[in-house]
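One structure is given here, and the rest of the page talks about it.
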Amino acid sequence: MLLLGYVPTDRALWPYELEKKRSQYCDFKDELLVNPSEVTRRMEEMTASEREEHNAEGTGVLPRAEIVRDEHPLSLGKTSVWNQYFQESEIVEQIDRDVKRTHPEMEFFNGDSSDSLSNQESLKRILTIFAKLNPGIRYVQGMNEVLAPLYYVFKNDPDQSQAALAEPDAFFCFVELLSGFRDNFCKQLDNSVVGIRSTITTLSQLLRRHDEELWRHLEVVTKVNPQFYAFRWITLLLTQEFQFRDCLSLWDTLLGDPEGPQATLLRVCCAMLILVRRRLLAGDFTANLKLLQNYPPTNIDHILHIANKLRGPLPF
């Protein structure tokens, strides 16, 4: 919570800040996860004076939409809550599919118990609320993998009173985490100086600076485009390359490094390449691509040790 800026450094302020954020998340759920039928019912039940006050305050269930009395599922109006509901249903379905595929090997995420199913529902709600609050990004496949470690840590808090509030805490930490990586998820920025392709180019130049022989063999000789493997590494913050427990240790470093998570992530990715350089230098396009898309089991501490030696300004 501290590393992501969810709570202030002054511990005395934690109770107030946490209560405020958790209350805000409850408001998000009430506002953004309500069924259109319920929205219509609530509006119908409001008196004229209540409706005027409701509109004046701008704090309604769906503040971006003007709810009319004859709202119905067949309405084609752009402000229709039903129209919005049907447009968003595809995103909700994608979230549902992805959440069910999150760490299938772990009972915590994919078991048949009531706890496992409850955890899935929490992940779905977090991702759905995030998508609705961030229409410029919405939901991008893979966000479930970035959310999973955060939710897991909060849900396994030894203090059961805190573990019970894992959902709002994970939501706000997820928002904070993605604020530093959101450009990687924004398709409109793919070809910009801050988009994912630019970030991958920076990784390529970082490898060239520290091991030009390996860089040349990969990108010139065997023509392994770094996008073939680094896109997943970077966008999913390496959650798919290592065991879950190792990812938690890795993330401690990413979030705690004074150089910032983006720079640290690129150094770790570069270290991963250097660590398997002998196999890469001996391989052709097919062998190298297979190796990098299925990174071999490795000691995380060793990777972090190599990454630490690569410190310095990132190339641009």
N/O donor-acceptor pair under 3.5 Å between [X] side chain and [Y] backbone:
X	Y	value
Trp251	Asp246	no
Thr128	Arg125	no
Asn134	Gly136	no
Ser204	Ile200	no
Asp98	Gln141	no
Thr102	Val99	yes
Ser118	Ser114	no
Asn308	Leu304	no
His217	Leu280	yes
Thr298	Pro296	yes

Is the closest basic N to carboxylate O distance between [X] and [Y] below 4.0 Å?
X	Y	result
Arg208	Glu219	no
Asp257	Arg311	yes
Glu19	Arg22	no
Glu259	Arg267	yes
Arg232	Glu241	yes

Taking atom [atom1] of [X] and atom [atom2] of [Y], what is their separation to the nearest 0.5 Å?
X	Y	atom1	atom2	value
Leu310	Thr264	CG	OG1	11.0 Å
Ile306	Asp301	CD1	CG	11.5 Å
Met1	Leu255	CE	CG	13.5 Å
Lys124	Glu167	NZ	CD	12.0 Å
Asn119	Glu107	CG	CD	10.0 Å
Leu238	Cys269	CG	SG	4.5 Å

Which pairs pass ring-ring contact (aromatic ring centres under 6.0 Å, His included) with one or both residues in residues 261-285, sequence neighbours excluded?
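Residue pairs with at least one partner in residues 261-285: there are none.
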If you take all heavy atoms of Tyr151 and Ala166, which pair is closest and at what distance?
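Result for this residue pair: CE1-CB, 4.0 Å.
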Distance-only donor-acceptor check, side chains [X] and [Y], under 3.5 Å:
X	Y	answer
Asp284	Thr222	no
Tyr229	Asn288	no
Tyr139	Gln94	no

Are the side chains of [X] and [Y] in touch, meaning some heavy atoms are under 4.5 Å apart?
X	Y	answer
Val140	Thr235	no
Phe154	Gln162	no
Tyr25	Lys20	no

Take Ser116 and Ser113 through the test side-chain hydrogen bond (donor to acceptor under 3.5 Å, both in side chains) and record every step on the way to the result.
CA-CA 5 Å; Ser116 299; Ser113 67; 3.0 Å; yes
Determine whether more than 12 heavy atoms belonging to other residues, nucleotides or ligands lie under 6.0 Å from atom CG of Asp112.
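Not more than 12 within 6.0 Å, no.
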Which residues pass the side chain to side chain contact (heavy atoms under 4.5 Å, CB included) test with Lys21, sequence neighbours left out?
Tyr6, Gln24, Phe172
I'd like to know whether the aromatic ring centres of Phe108 and Tyr152 sit less than 6.0 Å apart in this structure.
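Yes, close enough.
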Determine whether the aromatic ring centres of residues Phe174 and Phe130 are separated by less than 6.0 angstrom.
yes
Assess the residue pair Ile303 and Leu275 against the criterion (side-chain contact (heavy atoms from CB on, under 4.5 Å)); give the C-alpha distance rounded to whole Å, side-chain angles, the decisive distance to 0.1 Å, and a yes or no.
CA-CA 7 Å; Ile303 290 179; Leu275 191 60; 3.6 Å; yes
Could you give me the CA-CA distance, side-chain angles and deciding distance for His210 and Lys309, then say whether side-chain contact (heavy atoms from CB on, under 4.5 Å) is met?
CA-CA 10 Å; His210 292 287; Lys309 292 182 176 182; over 6 Å; no
Report the residues that fulfil ring-ring contact (aromatic ring centres under 6.0 Å, His included) with His103, sequence neighbours left out, ordered by chain and then residue number.
Phe109, Phe244
Go through the steps for Leu13 and Val7 under the test side-chain contact (heavy atoms from CB on, under 4.5 Å), then give the verdict.
CA-CA 8 Å; Leu13 297 176; Val7 292; over 6 Å; no
Evaluate the ring planes of His305 and His302, with Trp represented by its six-membered ring, and classify them as parallel (under 30°), tilted (30 to 60°) or perpendicular (over 60°).
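Geometry flag for His302 against His305: parallel rings.
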Could you tell me how the ring of Phe171 sits relative to the ring of Phe28: parallel (under 30°), tilted (30 to 60°) or perpendicular (over 60°)?
perpendicular
Run the numbers on Lys132 and Glu31 for salt bridge (Lys or Arg N to Asp or Glu O under 4.0 Å), then give the verdict.
CA-CA 10 Å; Lys132 292 187 176 186; Glu31 177 183 335; over 6 Å; no
